[in-house]
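The structure appears below as structure tokens.
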Protein chains: 2
Amino acid sequence: MSAEAGVARAAPYPAAVDPKIEALVNEVIGRVADKWTMIVLDVLAEHGELRFTRLAELSGGISQKMLTQTVRQMERDGLVIRTVHPVIPPKVEYRLTDLGFSLGEAFCGVWLWAADNLERIEASRQAFDQRARDV
Amino acid sequence: MSAEAGVARAAPYPAAVDPKIEALVNEVIGRVADKWTMIVLDVLAEHGELRFTRLAELSGGISQKMLTQTVRQMERDGLVIRTVHPVIPPKVEYRLTDLGFSLGEAFCGVWLWAADNLERIEASRQAFDQRARDV
DNA sequence: CCGTATCCCTGGCGATACTG
DNA sequence: CAGTATCGCCAGGGATACGG
């Protein structure tokens with residue numbers, strides 16, 4: 001990195017992170033920032049333990065396939081606990097682990113940011129599109 | 001929602017959000033949580049203002065097409081400023097807006113979470129895969 | 001140097017049908 | 001009810017070539 005004299009705006013970041021760690025972090029974020037993962041995380045955080053079908057309903061338009069896939073990955077990553085009740089008809093319940101909850105809290109900041117800045121973003125888009133038309 | 005008596009684990013969330021707002025927030029998050037957007041955001045936060053080619057180098061393996069696309073979207077959303085210097089050869093510089101920086105800060109929590117929990121996730125995955133093999 | 005335009009192909013995802 | 005298996009579409013994104 002050396003002595004960079006003329007950087008226009010100093011970043012509020014340490015800037016020096018092990019690139020290997022960075023790659024791993026990106027991988028984890030990439031996985032975790034998935035659309036359905038976030039929605040399922042949110043639903044489980046709000047509703048506590050849920051059965052498969054109920055979870056699907058509350059997750060708004062997710063297909064069975066994607067729900068299974070998402071929830072399996074989350075289980076593998078230690079974000080949810082999957083409890084199978086050996087009864088007929090089958091009953092399977094899902095709930096967040098502490099790790100899952102902690103991720104939810106971490107994402108809370110992004111959530112709030114999005115909610116706070118919706119209008120600003122919308123305005124920016126309109127201005128941009130307007131400028132594009134002017135050309 | 002009515003009176004749900006037996007929820008196993010009360011969520012630390014307000015639980016009552018306007019679903020329309022929620023949809024919008026999801027849309028914004030979906031856009032913003034995109035892999036390349038996050039990487040570019042990170043690179044610009046760390047390095048300040050950058051030219052196109054340099055930005056591509058630092059963003060590790062992004063194609064020209066995706067960089068252009070990503071950066072355009074970010075400009076449209078008001079996350080970056082694009083400055084064209086009318087010289088030959090062309091020179092275009094990108095830097096974050098305040099909104100862009102604030103998004104970076106919001107994501108910081110997720111970043112830290114990922115960094116903190118890498119090992120735990122890795123361990124969880126191995127345990128899961130082991131269990132799968134045992135079956 | 002900084003893009004836009006075009007081709008092409010992989011794989012993500014929905015829909016459907018079937019099992020324990 | 002809670003999955004797995006299979007098919008088929010088409011959009012995302014890489015590679016390449018060209019333009020200002």
Side-chain angles (χ1 to χ4, degrees), chain A residues 26-27 29-40 43-44 47-77 80-95 128-129 131-135, chain B residues 8 26-27 29-41 43-44 47 49-77 80-95 128-129 131-133 135:
Chain A
N26 278 337
E27 191 259 345
I29 290 186
R31 148 94 30 111
V32 129
D34 164 73
K35 175 188 175 186
W36 290 122
T37 300
M38 289 202 308
I39 291 178
V40 167
V43 168
L44 285 177
H47 295 265
E49 197 163 31
L50 290 172
R51 297 183 62 174
F52 186 83
T53 303
R54 182 80 181 124
L55 183 53
E57 288 166 9
L58 293 171
S59 297
I62 190 173
S63 67
Q64 206 183 43
K65 178 180 174 182
M66 286 316 294
L67 181 54
T68 302
Q69 201 173 106
T70 301
V71 113
R72 276 294 186 290
Q73 268 188 159
M74 291 175 76
E75 187 193 5
R76 190 171 108 99
D77 288 347
V80 308
I81 300 281
R82 176 168 173 273
T83 311
V84 181
H85 301 270
V87 298
I88 296 178
K91 177 175 177 178
V92 181
E93 292 188 310
Y94 297 89
R95 63 185 169 84
F128 184 91
D129 295 346
R131 260 175 285 143
R133 274 191 296 275
D134 291 344
V135 179
Chain B
N26 277 337
E27 190 259 346
I29 290 185
R31 148 94 31 110
V32 129
D34 164 74
K35 175 188 174 186
W36 291 123
T37 300
M38 289 202 307
I39 291 178
V40 167
L41 187 76
V43 168
L44 286 178
H47 296 266
E49 197 164 32
L50 290 173
R51 297 184 61 176
F52 186 84
T53 304
R54 181 80 182 124
L55 183 53
E57 289 166 10
L58 292 172
S59 297
I62 190 174
S63 67
Q64 207 183 41
K65 178 181 173 181
M66 286 316 294
L67 181 54
T68 302
Q69 201 172 106
T70 301
V71 113
R72 276 293 185 290
Q73 267 187 159
M74 290 175 77
E75 187 193 5
R76 189 171 109 98
D77 288 347
V80 309
I81 300 281
R82 177 169 173 272
T83 311
V84 181
H85 301 270
V87 297
I88 296 178
K91 177 175 177 179
V92 182
E93 291 188 311
Y94 297 89
R95 64 185 170 83
F128 184 91
D129 294 347
R131 259 175 286 143
R133 273 191 297 275
V135 180

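Convention: sequence-line order gives letters A, B, ...; per-chain numbering from 1.
- The side chain of T68(A) has dG3(D) as its nearest neighbour among dG14(D), dG3(D), dC1(C).
- Looking at every heavy atom in both residues, M38(B) comes nearest to V32(B) through CG-O, 3.7 Å.
- Rounded to an integer number of Å, the gap from CG of L67(B) to P of dC1(C) is 15 Å.
- Taking each heavy atom of L44(A) and Y94(A) in turn, the nearest pair found is CD2-O, 3.6 Å.
- A straight line from NZ of K65(A) to P of dG3(D) spans 16 Å, rounded to a whole angstrom.
- One interatomic measurement links the two molecules: CZ of R51(A) to C1' of dG3(D), which rounds to 13 Å at whole-angstrom precision.
- Comparing T53(A) and M66(B) by the nucleotide of DNA chain D that holds the closest heavy atom to each, the one mapping nearer the 5' end is T53(A).
- A pairwise comparison of heavy atoms in R31(A) and T37(A) identifies O-OG1, 3.9 Å as the closest pair.
- We find that CD of Q69(A) is positioned 12 Å from C1' of dT4(D), with the value rounded to whole Å.
- Of the side-chain N and O atoms in Y94(B), none sit less than 4.0 angstrom from OP1 or OP2 of dC2(C).
- Here the C1' atom of nucleotide dG12(D) and the CD atom of Q73(B) are 12 Å apart, to the nearest Å.
- Of the possible polar contacts, none joining the S59(B) side chain to the I62(B) backbone as a donor-acceptor pair under 3.5 Å is found.
- For the pair R82(A) and dG3(D), the criterion of a side-chain N or O lying under 4.0 Å from OP1 or OP2 is met.
- The separation between D34(B) atom CG and dG12(D) atom P is 11 Å, rounded to whole Å.
- Going from atom NZ of K35(A) over to atom P of dC13(C) covers 9 Å, rounded to whole Å.
- Comparing dT4(C), dT6(C), dC7(D) by their nearest atom to the side chain of R72(B) picks out dT4(C).
- Residue-level contact check: P90(B) touches the bases, meaning some heavy atom is under 4.0 Å from a base atom.
- Here the rule is side chain to side chain donor-acceptor pair (under 3.5 Å) with H85(B), and of R51(B), K91(B), E93(B) only E93(B) fits it.
- The V92(A) side chain lies nearest to dG3(D) when the options are dC1(D), dG14(C), dG3(D).
- Counting distance only, with no hydrogens placed and no angle test, the side-chain atoms of Q64(A) and the base atoms of dG3(D) include a donor-acceptor pair under 3.5 Å.
- Distance, I62(A) CD1 to dA15(C) P: 12 Å, rounded to whole Å.
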